[in-house]
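Naming: A, B, ... by sequence-line order, numbering from 1 per chain.
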Amino acid sequence: MLTGSKTTFKVRQMLPDIKERMLSQSGVNARSRDVFGLRCLPGECVLQRAVMVRKKLTAREGRGWVSGTLFCTHFRVAFVPQDSPKADDNADPVLLGDHDVALASIEKVVVVGPNRTKLVTPNSSLKFTPEELVLYCRDLRVVCFLFDRLTPDAQVIEITYTIAKTYQPPKPGSVLSFQNAALGSVEMKQFLSNRRRNTHMNWYESVSDWEQELERCGATGWRVSSVNDRFEMSTSLPRSIVVPQKVLDTELKKSFAHFNEGRIPRWCWRHPRGSDLMRMSSFQNNIYHEKDDIRNLEMILFGCHSSLCVVVELGEELPSPADIQLAHSRLRALCLGDISTSVSVPDDKWLSTLESTHWLDYTRSCLRKASEVACLLRGGHLTVALQEADDRDMACVVSSLVQVMCDPHCRTQQGFQSLVQKEWVMAGHRFYSRINYHRDNDKEEAPVFLLFLDCVWQLLSQYPSRFQLTDDFLLALHDSIHLPLFSSFLANCQRERCKRSQNIGQSYTPVNGWRDVLHPDSSSDPSDPPLPSVWDWSLQYSKHRRDRFTQPVPPIPPLQPLLNGNLNTNPDTHRLTDTIPGSVFLLSRGTFSCPANLLPWRSGTSGVYKKSHRRAPSSENVPGLERLLKAWALAEFPQGLTSTSAPQGPLDPFEPLLPLLMGPCMGLWRECYLRGALHAQAFSHPISANHPHPVERLAREVQQLKDKLAQVSTSTALKPPSMMAEPRRTDTNLNQNTNNGTFLFPASRPQSATMARAAPPPTSTNHQTSKGAPPASAPPSRPGHKDNGGSNKHTFLFGHSSVAEARPDQRYYPAPNNAKLPKNNGSSISS
Amino acid sequence: MASPVSVYNSNALDTHISSTSRESLKMELLADVSLLPGEERIIDKETMYICPFNGAVKGKVLITNYRLYFKSSDADVAVTLDVPLGAISRVEKMGGASSRGENSYGLDITCKDMRNLRFALKQEGHSRRDIFELLFKYAFPLSHGLPLFAYVTQEKYAENGWSIYKPVEEFRRQGLPNNKWRITFINKKYELCDTYPTVLAVPFKSKEEDLSRVAAFRSRGRIPVLSWIHRENQAVICRCSQPLVGMSGKRNKDDERYLELIREANDTPKLTIYDARPSVNAVANKATGGGYEGDEYQNAELVFLDIQNIHVMRESLKKLKDIVYPNVEESHWLSSLESTHWLEHVKLVLSGAIQVADKVSSGNSVVIHCSDGWDRTAQLSSLAMLMLDSHYRTLRGFQVLIEKEWISFGHKFASRIGHGDKNHADQDRSPIFVQFIDCVWQMTKQFPTAFEFNERLLLTILDHLYSCCFGTFLYNCESMRDQQEVRLKTVSLWSLVNSKMEMYLNPFYTPESGRVLYPVASMRHLELWVTYYIRWNPRIRHQQQSPVEQRYKELLALREEYLKKLEALELSDSSPSSRLANTPNTPTASTPPQQYTQLQTPL
């Protein structure tokens with residue numbers, strides 16, 4: 001079969017060869033296994049393999065080498081270590097093993113021969129037998145395989161050719177074939193459509209999802225509007241948006257035209273001290289002659305705080321997408337070196353070259369802006385509105401960073417996933433264009449999301465004990481971005497995502513000329529494989545990897561649910577009471593001002609304005625606002641003091657994690673950017689790999705103790721449920737264990753929440769009943785009723801029910817809130 | 001604002017001041033600074049501390065024969081300074097009697113530990129004359145005929161640190177003497193070499209008279225002697241000074257034969273001689289009678305390691321100080337850092353040591369020298385030994401390493417640091433030892449579980465490098481120390497450390513013998529030691545305690561709590577616990593303590 005003649009290694013055509021080369025075919029038998037131990041995905045076939053190959057391990061993997069067998073399939077380059085334990089053949093398929101590289105994430109293939117290095121392209125021919133195969137990946141990994149003298153030469157050459165020919169050349173259409181290679185088989189499609197969705201996070205897809213977030217934040221005065229349910233108001237906004245309760249949908253509709261892309265001010269998050277965070281796009285320069293228009297606009301903008309609104313303009317001090325793209329490509333080049341020539345920046349110029357990429361400057365400016373906003377919100381009782389021209393890039397970065405800094409929930413894995421879902425995926429960050437999977441739109445490409453991940457890593461490295469998620473998680477997310485497989489990233493907004501997954505026959509003509517070009521392969525082709533969400537981690541990574549996504553024992557203080565959005569216990573809260581109602585300030589370059597044209601409708605000489613506001617806003621309370629910012633500039637960190645003395649001292653869990661931004665405090669995410677740098681391993685020798693850090697060992701031990709404690713205390717029975725720490729943790733364990741009611745609603749759960757859930761009759765809260773129903777008893781195929789707010793006949797087409805129809809298997813809505821149902825029962829019993 | 005932290009901060013220095021007395025400090029101004037035995041108040045004065053971070057702070061300064069102490073009188077800005085006089089390198093008057101402007105008249109104090117202090121005094125009545133003169137006198141006692149403070153204080157400790165290093169015992173630990181190497185006492189009276197220790201290990205076949213002839217050909221008689229031997233492959237690290245080749249290219253048969261003996265000892269095919277200097281410098285040294293080993297040395301190869309001399313290092317650290325004190329840059333930080341070249345020098349020292357360690361672990365003997373063999377040579381040999389021998393990575397082993405390679409082999413601490421000497425511009429001063437500790441810190445960063453000691457030990461060592469409170473780092477060599485009766489009349493720093501060991505232990509230490517540590521010596525992976533060089537910046541402070549360490553403590557506390565709860569539960573109801581004991585994978589009540597001991601929890 002290995003017909004490559006020894007004299008000429010001319011590259012042959014791929015396609016006719018494929019069948020011949022299918023060394024193992026696993027299409028029909030979904031659980032087949034290559035004889036050399038590779039667990040194939042359903043439909044995946046091994047194109048080539050090489051035995052006696054050694055893989056270089058990174059510092060994180062323990063350094064050194066591990067030997068095994070190298071495979072190339074349609075979908076990945078796989079490596080199976082010699083003594084790896086046999087995987088359970090009945091386990092669910094995992095796309096990538098611990099040592100695998102997806103073909104789509106390979107950027108360049110380089111071989112190292114006796115005295116030379118060569119970049120291998122699909123058309124190149126080799127004149128020597130490689131000793132080393134180096135795969136440079138888009139996610140900045142560099143994976144290095146060493147061929148032993150015992151590896152047959154033919155295998156070495158064939159696998160090199162196969163990889164070079166099969167990995168994704170950057171051209172349109174390749175993404176689809178890659179998706180098909182990974183997910184296209186009948187078994188895989190079925191498997192995916194039977195997939196249970198993660199119910200521990202908020203997906204922000206339905207009205208009730210948003211209501212849940214409002215409730216979690218204790219945000220009153222807001223409601224979820226379905227005015228954009230058919231994407232008629234704004235193509236890039238999600239179906240559900242949160243707006244002030246006092247604004248009616250009919251009033252709301254008139255304001256869309258005043259904002260770029262119709263992205264009106266929407267609520268994002270409420271600080272526990274009662275301030276609200278909003279985001280919006282820039283104003284359209286319309287003529288504001290209608291009195292009602294203006295009243296509505298201001299009502300939306302001020303949210304439920306009538307007195308004070310601070311508009312934070314994100315354009316000026318933050319990098320543009322083009323800046324980010326340039327910085328990132330420089331950083332890449334710096335960290336990987338010039339791939340083909342293996343020339344890298346001389347070590348003595350490393351620091352200044354790193355500086356000149358500006359990547360760290362941009363990270364710093366995002367963190368600074370977010371810190372300013374976090375300090376403002378801490379002041380309490382005002383509205384901070386983030387404004388960006390299109391509200392789809394830096395607004396995502398800043399709003400989510402603010403929440404990571406202020407809200408401990410966002411520092412857990414599930415909370416962080418919900419946050420990304422809320423502020424990025426649903427808010428319409430243009431993942432598809434920014435990542436540029438097709439390499440067909442270089443102008444739009446910009447790794448804004450990667451910049452955000454770097455910012456989160458900076459926070460994590462400065463406050464590691466305040467995060468439940470780990471840098472392993474951030475790294476996994478970072479790498480997944482580069483796989484064109486996930487619905488989360490393969491669209492620019494919810495509308496596109498819905499189109500792809502639901503095969504909507506009709507499409508809506510965008511009004512007002514909003515451009516929203518759909519990409520050819522996201523059109524409705526029923527044969528396209530269903531795309532999983534990126535949050536379906538068990539599809540991507542082994543349990544071993546996933547276990548490292550969170551700290552074994554969540555950090556102290558325990559992540560408790562938010563109070564009622566009114567954390568006014570702190571005496572130094574600056575209440576800006578003397579504010580004139582309707583004051584709007586602009587925060588720019590660290591100072592506040594109220595330029596005349598801040599709100600375009602106020603700038604004119606229109607008499608309307610004067611009627612509604614008797615006095616023009618003055619700068620009187622600027623000092624008050626500046627005091628809020630000063631606290632940060634002086635770096636007075638209470639936690640800094642407590643941390644030295646009492647580790648368990650009283651610590652306000654909502655005290656923002658303000659990062660230090662001085663030069664020496666901003667680090668380079670080496671584990672991500674430099675993990676491939678080969679010189680890093682020049683002198684490293686193998687060590688015992690399975691040597692967890694003592695902190696990890698201790699954490700595991702504590703976790704065991706805790707589990708045991710839980711076990712003992714339940715078996716001793718009738719212990720008050722408050723004995724149990726951290727409801728979140730126990731929740732996860734107890735999903736399988738639903739009969740144990742005590743774990744599910746710890747005493748600390750706010751009563752009001754329970755009441756709100758329990759009160760409405762089942763018909764009006766359709767979602768909950770369907771979700772809450774035990775899967776066995778009631779398949780949730782109920783198209784019927786719609787959520788509260790403005791339902792019309794179209795809603796159910798787009799609502800959750802239609803999703804459920806598209807994926808007929810009822811397990812898609814598993815027992816997300818199994819927790820909720822017994823709770824309802826519980827409360828009714830108790831009352 | 002920064003008071004609690006700054007008190008915590010200076011803790012590293014004054015660990016013997018009990019915490020209770022610290023509390024009372026806040027109550028009463030200066031009245032009860034707990035003084036060390038023998039410490040005496042010299043003068044105190046109302047003054048204004050010009051704090052670069054908080055502006056001018058009113059308070060009182062106290063000067064004793066050991067320290068300068070300042071405490072603000074204003075409760076709002078609680079600033080405390082506690083500076084051992086030994087850390088002061090320069091005291092200057094600032095402004096004149098007629099100077100205008102607020103706070104322009106006073107004292108400007110430059111410290112060796114990366115900070116400057118400014119005090120403003122009242123202009124009328126020559127108010128600074130007395131304080132200046134007294135400070136000058138006690139900060140530089142040797143220049144004024146006064147004893148160093150180490151001779152004045154007599155603190156008692158449970159341990160005697162002077163007994164930590166016994167040369168013969170250390171050689172025995174390494175497996176010496178053996179049939180290839182012998183211990184010689186030829187230098188018992190410092191006649192062979194006055195800057196070497198008395199006990200030396202030399203090739204078995206070399207005769208005493210050979211040694212003297214070799215000494216004549218090596219700068220200052222510092223002949224090649226063994227520092228360390230590899231237990232398995234018997235490869236050795238030898239150290240010495242440069243050969244006295246001179247302009248004429250002199251040869252010395254005895255020296256050549258002697259190196260051949262070193263090579264033969266374990267049949268190394270080629271003896272590698274590491275010359276730490278850049279080759280240009282080595283050539284230039286010929287003009288002053290020095291030089292390097294030429295082709296006449298058969299079976300030897302010479303490698304230059306390109307490490308710069310003491311003057312370059314001094315200037316580099318001075319530049320580093322300029323960019324970290326008082327203000328730290330934001331956006332041009334990295335290029336400023338690069339222009340100091342400090343990390344680059346650290347990198348060269350580390351990579352030199354890596355080459356040495358790599359050679360030795362692959363079975364080849366090496367000889368290291370620079371010019372005199374007491375600066376760069378000490379750095380290279382001690383770092384290579386730290387990489388090769390896990391014993392030196394323990395708390396006591398590290399003390400032995402410093403005692404052996406630095407103190408006994410005559411690193412000129414007195415000249416390099418300038419203990420008690422007023423001549424701040426002395427060209428002999430250089431932060432060579434600081435650089436070594438920096439290299440060690442880099443290694444602890446890259447191998448967080450490989451060292452038994454923690455960062456606090458490194459900080460304490462550097463603080464007492466200057467403080468003159470202990471005899472450990474005083475004087476240039478053993479012969480001087482004997483003459484000054486250092487061991488009899490002063491206390492060793494290791495007495496302090498070893499009687500409070502738990503403070504200096506790394507909770508994450510996992511002993512692993514027989515593993516060679518090769519740190520990555522690349523600018524991409526080296527970091528500036530922020531918690532040392534920028535520790536006076538109040539913004540840096542809150543990161544003083546490593547978050548990982550903090551989490552470890554939290555986890556320990558949690559474990560305690562759970563264990564207690566478990567115990568309580570099992571006591572309150574015995575039936576479930578007995579039931580649990582039957583299930584195989586739940587540990588019985590006795591197991592947790594066992595795990596406890598396994599985990600090595602010294603906190």
Quick check: closest heavy atoms across [X] and [Y], and the distance to 0.1 Å?
X	Y	value
A/Leu351	B/Met523	CD1-CE, 3.8 Å
A/Glu355	B/Trp333	OE1-N, 3.7 Å
B/Tyr562	A/Lys706	OH-CD, 3.0 Å

Trace of the side chain to side chain contact (heavy atoms under 4.5 Å, CB included) decision for A/Met662 with B/Ile534 | CA-CA 11 Å; A/Met662 277 186 291; B/Ile534 322 187; 5.9 Å; no
Side chain from CB out, backbone as N, CA, C, O: work out which of these in B/Leu526 comes under 4.5 Å of a heavy atom of chain A, or both, or neither.
->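 For B/Leu526, the contact with chain A is made by the backbone alone.
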Sort B/His332 into side chain, backbone, both or neither according to what part of it lies under 4.5 angstrom from a heavy atom of chain A.
->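 For B/His332, backbone and side chain are both near chain A.
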Under 4.5 Å to a heavy atom of chain B? For A/Leu360 that would be side chain
Engaged part of A/Asp361 at the chain B interface, taking heavy atoms whose separation is under 4.5 Å = side chain
Partner set under side chain to side chain donor-acceptor pair (under 3.5 Å) for A/Arg670, not counting sequence neighbours |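 Residues passing side chain to side chain donor-acceptor pair (under 3.5 Å) with A/Arg670: B/Glu527.
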When rounded to the nearest 0.5 angstrom, what distance separates [atom1] in [X] from [atom2] in [Y]?
X	Y	atom1	atom2	result
A/Leu698	B/Arg559	CG	CZ	5.0 Å
A/Leu354	B/Leu334	CG	CG	5.5 Å
B/Leu563	A/Glu701	CG	CD	7.5 Å
A/Gln703	B/Leu558	CD	CG	10.0 Å
B/Glu344	A/Trp350	CD	CH2	14.5 Å

Residues of residues 322-330 of chain B under 4.5 Å from chain A (heavy atom pairs)?
-> B/Val328, B/Glu329, B/Glu330
What do the steps show when you test A/Asp347 against B/Arg524 for side chain to side chain contact (heavy atoms under 4.5 Å, CB included), and what is the final call?
-> CA-CA 7 Å; A/Asp347 216 32; B/Arg524 289 152 165 87; 2.9 Å; yes
If you count heavy-atom pairs under 4.5 Å with chain B, which of A/Pro664, A/Ser356, A/Gly667 comes out on top?
-> A/Pro664
